[in-house]
S.K.: 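Have a look at this one before I ask anything.
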4 protein chains.
Amino acid sequence: MPRSNGRHLTSRSGDEEVAQRGRPTGNHEAKRAELLKAATSVIAQEGYANASLRKVAKRAGYTTGAVTYYFANKEEMVIALAESRFDNYDAMLEAIQGEGDIKTLVNSWLKTTVGDPEFWPVMSELLAHGRHDPALARVIAERYARYRDIYASILAAAQAQGTIRDDIPADLLADQLSAMGDGWTMMSPIEPERFTPQRVRELVDAVIALIAPVSGGRREAGS
Amino acid sequence: MPRSNGRHLTSRSGDEEVAQRGRPTGNHEAKRAELLKAATSVIAQEGYANASLRKVAKRAGYTTGAVTYYFANKEEMVIALAESRFDNYDAMLEAIQGEGDIKTLVNSWLKTTVGDPEFWPVMSELLAHGRHDPALARVIAERYARYRDIYASILAAAQAQGTIRDDIPADLLADQLSAMGDGWTMMSPIEPERFTPQRVRELVDAVIALIAPVSGGRREAGS
Amino acid sequence: MPRSNGRHLTSRSGDEEVAQRGRPTGNHEAKRAELLKAATSVIAQEGYANASLRKVAKRAGYTTGAVTYYFANKEEMVIALAESRFDNYDAMLEAIQGEGDIKTLVNSWLKTTVGDPEFWPVMSELLAHGRHDPALARVIAERYARYRDIYASILAAAQAQGTIRDDIPADLLADQLSAMGDGWTMMSPIEPERFTPQRVRELVDAVIALIAPVSGGRREAGS
Amino acid sequence: MPRSNGRHLTSRSGDEEVAQRGRPTGNHEAKRAELLKAATSVIAQEGYANASLRKVAKRAGYTTGAVTYYFANKEEMVIALAESRFDNYDAMLEAIQGEGDIKTLVNSWLKTTVGDPEFWPVMSELLAHGRHDPALARVIAERYARYRDIYASILAAAQAQGTIRDDIPADLLADQLSAMGDGWTMMSPIEPERFTPQRVRELVDAVIALIAPVSGGRREAGS
DNA sequence: AATGAATGAGCGTTCATTCAT
DNA sequence: TATGAATGAACGCTCATTCAT
């Protein structure tokens with residue numbers, strides 16, 4: 001038993017953590033989550049290609065066998081990882097939704113994503129690896145489609161309120177903004193020095209400006 | 001492409017082709033280019049991680065040793081590859097520059113980049129791998145900086161002519177458009193079915209609309 | 001030598017022996033020792049440079065992966081090997097210490113070292129390779145220093161008893177004798193026919209004569 | 001033509017070096033010597049195992065092909081190298097022979113051998129590799145036999161003059177001293193810090209003392 | 001005489017995976 | 001539930017050698 005910390009301890013009905021006797025129940029998911037956390041950190045630091053199961057196991061304080069016990073294979077693990085990352089993202093999106101204006105919303109979003117130093121690196125690794133792992137690609141495609149829908153509905157609402165331009169259909173706008181975010185996601189690990197807080201602020205402001213309402217006549221694009 | 005055969009094959013005593021040793025004709029740079037072409041195709045199809053020197057050699061019709069003869073190591077090869085891809089891109093940019101309006105220019109650019117089925121896949125692999133290869137990252141960063149400058153100057157010229165909006169500084173605009181392109185670059189291999197010609201046309205039109213002149217007052221963003 | 005078979009072989013459905021995967025019995029250190037024995041034999045026969053991990057594995061009846069499972073890398077393996085050889089030597093020295101006179105001691109030593117046909121060959125390989133492996137060099141240097149100390153104290157005791165010459169400090173004498181042994185160690189694989197039992201006896205006798213007490217006055221050398 | 005220096009220049013009958021026209025005569029041996037010099041330096045620095053033909057060629061300013069042109073294979077090259085080293089050693093021995101007493105002779109020998117920083121390293125590499133190269137072993141064995149004869153005759157002469165002990169046959173004495181030298185040769189690269197000039201002086205003095213005449217009765221050893 | 005392109009075997013090492021325990 | 005021994009294929013790379021030029 002390698003670790004003496006919180007493992008096998010749960011606080012069930014009170015505030016106290018109680019050492020569990022016998023076979024711990026419901027630990028399966030917890031263990032998986034633990035391993036996924038380790039995987040996240042390894043991938044964030046060393047990339048997908050260099051994230052061996054051994055490293056993941058070691059970081060989690062387990063042995064190699066444990067990883068293959070909880071995940072049928074590496075692919076399954078990375079897919080579980082992707083799902084869990086997207087679940088986190090969902091929760092985050094949910095939390096910040098309903099913020100007043102676009103600018104506030106963008107800033108909230110920015111704060112939570114750049115707040116996690118593993119967020120972009122892992123995302124960029126998953127995106128890149130998705131090309132070679134159809135199952136992962138499917139997961140990413142599904143989630144992304146959902147996000148674009150959410151963004152589109154947010155943008156549509158804003159268009160209805162007149163707070164952003166409405167000469168471009170909301171779904172195209174969502175697609176554009178989403179792509180912009182992905183582009184920066186990919187580039188930031190390559191030239192991190194370029195993404196100073198100041199520059200990021202400028203870029204965000206420029207995005208706001210880009211989608212600000214246009215005063216003149218409507219011109220429907222993309223049809 | 002100097003030699004269509006690329007191998008030194010002689011039929012010695014009969015019909016059999018025998019791989020030649022010894023000093024062949026042909027020049028060093030051409031051979032490197034040949035191998036780079038093979039590497040491009042392998043990376044485009046299988047990705048950087050799965051592009052072993054053996055596969056590259058095989059695709060070029062050589063043995064492993066030949067690859068390591070022309071390139072000190074894999075990293076050097078991929079950097080040479082990146083440089084050559086960027087050189088191609090430079091030439092293409094040069095060729096289409098001076099096109100009249102933005103829309104024509106974008107379409108020309110689109111035609112030549114999507115015309116090469118290896119363009120985006122290789123680019124996305126290079127971008128992704130750059131995170132783990134500082135030398136490659138430097139090459140990418142340098143070239144990208146140059147491209148953003150070029151885009152910015154094109155956009156600035158258009159702003160001066162009043163053909164695109166000038167409420168956002170040209171360099172920020174260039175950064176935004178560049179990121180958008182990268183984002184699509186990354187996503188297209190993951191969900192290729194999404195990027196139908198029709199959708200691409202819509203997206204391009206939406207970009208044109210995005211940067212079209214705003215009729216109302218100027219509002220400087222990002223400073 | 002804990003297991004005479006050394007492999008986990010089971011006859012599953014018939015007479016065929018199938019290499020086992022999974023968790024075997026037996027302990028880690030015993031397996032390491034087993035592999036070290038194989039490595040010793042390979043190095044003794046083929047030399048360090050030609051002792052590939054594959055050969056070692058094969059000789060031990062394992063696959064390459066097993067060797068790298070037990071030893072992080074080749075260097076670590078050879079160092080472990082050196083340590084174990086020196087440990088053996090320590091034990092041997094301990095056993096023969098306390099023999100009456102120098103001549104008996106030398107002969108006991110001779111018997112046990114030439115008794116093992118792998119002793120000198122492996123030693124000479126380690127010595128030679130030490131030049132290119134600092135970690136190994138350190139191990140050798142440490143052990144050798146200890147041996148010279150032991151030899152020196154044995155010689156000093158003999159000097160005190162008047163059974164060997166005392167005009168040369170014991171530590172220099174130990175150094176000389178040690179070097180002589182190493183010299184023969186290196187040469188014996190090159191011209192083995194020269195080291196007939198008869199010749200070895202003569203050389204040993206000559207060494208005894210060399211360090212025999214000198215009757216005349218003392219002359220301190222080496223200062 | 002990579003080099004513009006003294007190559008292809010010979011001073012034949014006068015003092016001036018004259019650029020040769022046409023096929024240079026008698027250069028074959030000179031080229032071989034040049035390559036052997038390079039090989040010596042590579043082996044001295046990196047050891048036999050790491051001395052690739054490429055490195056040798058590069059150090060000499062040639063291409064790989066040149067090395068295999070002048071030497072049928074690596075083995076032949078290293079044998080030629082050994083021969084040339086031994087030839088040098090012969091010349092050196094010849095030069096210092098006839099020195100008065102043993103001590104002066106030893107010191108002269110010491111000066112010329114330790115004076116060349118490549119002497120011991122190359123010697124130890126050759127000795128070690130000899131075990132795996134029968135042809136090299138034969139060369140070494142022959143030369144060493146000769147040296148031991150020379151040493152023996154020098155020692156015999158000294159014994160006749162009464163300047164060294166004569167209770168041990170000269171050939172055994174020569175063998176012992178030779179082995180001692182080899183032992184130090186092997187150890188010096190491993191623990192160079194041990195061989196300070198001061199320590200070397202002490203060791204040499206101790207050797208002189210070891211073979212100094214014994215005052216008492218004669219006792220023939222080793223027969 | 002000398003080059004340098006190309007081979008192909010082998011190296012140390014990493015790794016996902018399997019599985020008896 | 002979890003271990004960890006062991007596999008075997010693949011990787012990047014080095015190298016002596018061959019040989020048309």
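We name chains A, B, ... by the order of the sequence lines, and we start the count at 1 in each one.
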S.K.: Keeping the roles fixed (side chain from B:Lys74, backbone from B:Ser52), state whether a donor-acceptor pair exists under 3.5 Å.
M.R.: no
S.K.: Does C:Tyr70 offer a backbone N or O that forms a donor-acceptor pair with the side chain of C:Arg32 under 3.5 Å?
M.R.: yes
S.K.: In whole angstrom, give the distance that lies between atom NZ of A:Lys58 and atom C1' of F:dG4.
M.R.: 14 Å
S.K.: I need the minimum non-hydrogen distance between C:Leu136 and C:His129, along with the two atoms involved.
M.R.: CD2-CD2, 3.7 Å
S.K.: Could you say whether C:Asn50 or D:Thr64 is positioned toward the 5' end of DNA chain E, judged by the nucleotide with the nearest heavy atom to each?
M.R.: D:Thr64
S.K.: For a quick check under 3.5 Å, do A:His132 and A:Glu75 share a side-chain donor-acceptor pair by atom type?
M.R.: no
S.K.: Which base sits across from E:dC15 as a Watson-Crick or G-U pair, both distances under 3.5 Å?
M.R.: F:dG8
S.K.: Taking the side chain of A:Leu53 as heavy atoms from C-beta outward, which of E:dC15, F:dG4, E:dA16 is closest to it?
M.R.: E:dA16
S.K.: Pick the closest DNA chain F nucleotide for B:Lys74 and for C:Gly65 by heavy atoms, then say which residue is nearer the 5' end.
M.R.: C:Gly65
S.K.: To the nearest Å, give me how far apart CZ (B:Arg32) and P (E:dG4) are.
M.R.: 16 Å
S.K.: Of the nucleotides F:dC15, E:dT13, F:dT3, which one has an atom closest to the side chain of A:Tyr62?
M.R.: F:dT3
S.K.: With a 4.0 Å cutoff (strictly under), does any side-chain N or O of C:Tyr70 reach OP1 or OP2 of F:dG4?
M.R.: no
S.K.: Give D:Ala51 one of three labels, base, sugar-phosphate or nothing, depending on what nucleic acid heavy atoms sit under 4.0 Å from its own.
M.R.: sugar-phosphate
S.K.: Between atom CG in B:Asp133 and atom P in F:dG12, what is the gap in whole Å?
M.R.: 13 Å
S.K.: Take the protein atom CD of D:Glu76 and the nucleotide atom C1' of F:dT17, then report the distance between them rounded to whole Å.
M.R.: 14 Å
S.K.: Rounded to the nearest Å, what distance is computed from the CG atom of residue B:Asn27 to the P atom of nucleotide F:dT21?
M.R.: 16 Å
S.K.: To the nearest angstrom, how far is C:Asn73 atom CG from F:dC13 atom C1'?
M.R.: 17 Å
S.K.: Which of these nucleotides, F:dT1, E:dT7, E:dT14, is closest to any side-chain atom of A:His28?
M.R.: F:dT1
S.K.: Can you tell me the base-pairing partner of E:dA20? Count Watson-Crick or G-U wobble geometry only, both distances below 3.5 Å, and say none if there is no partner.
M.R.: F:dT3
S.K.: Take B:Ala66 and A:Ala49, find for each the nucleotide of DNA chain E with the closest heavy atom, and name the residue whose nucleotide sits nearer the 5' end.
M.R.: B:Ala66
S.K.: Can you tell me if the side-chain N/O atoms of B:Lys31 get under 4.0 Å from OP1 or OP2 in E:dG4?
M.R.: no
S.K.: F:dA10, OP1 or OP2 - any side-chain N/O from B:Lys55 closer than 4.0 Å?
M.R.: no
S.K.: Which part of the nucleic acid does B:Ala57 contact within heavy-atom distance under 4.0 Å: base, sugar-phosphate only, or nothing?
M.R.: nothing
S.K.: Does F:dA10 have its OP1 or OP2 closer than 4.0 Å to a side-chain nitrogen or oxygen of B:Ser52?
M.R.: no
S.K.: Ignoring hydrogens and angles, are the base of E:dG12 and the side chain of C:Arg54 linked by a donor-acceptor pair under 3.5 Å?
M.R.: yes
S.K.: For A:Glu75 and E:dC15, give me the distance from atom CD to atom P, rounded to whole Å.
M.R.: 18 Å
S.K.: Can any side-chain N or O of B:Glu125 pair as donor or acceptor with the backbone N or O of B:Tyr48 at less than 3.5 Å?
M.R.: yes
S.K.: Nearest whole Å is fine: how far is E:dT14 C1' from A:Glu46 CD?
M.R.: 13 Å
S.K.: If you check every side-chain atom of C:Thr68, which of F:dT17, E:dT14, E:dT18 has the closest atom?
M.R.: E:dT14
S.K.: List the steps and the verdict of side-chain contact (heavy atoms from CB on, under 4.5 Å) for B:Thr68 and B:Asn73.
M.R.: CA-CA 6 Å; B:Thr68 57; B:Asn73 50 49; over 6 Å; no
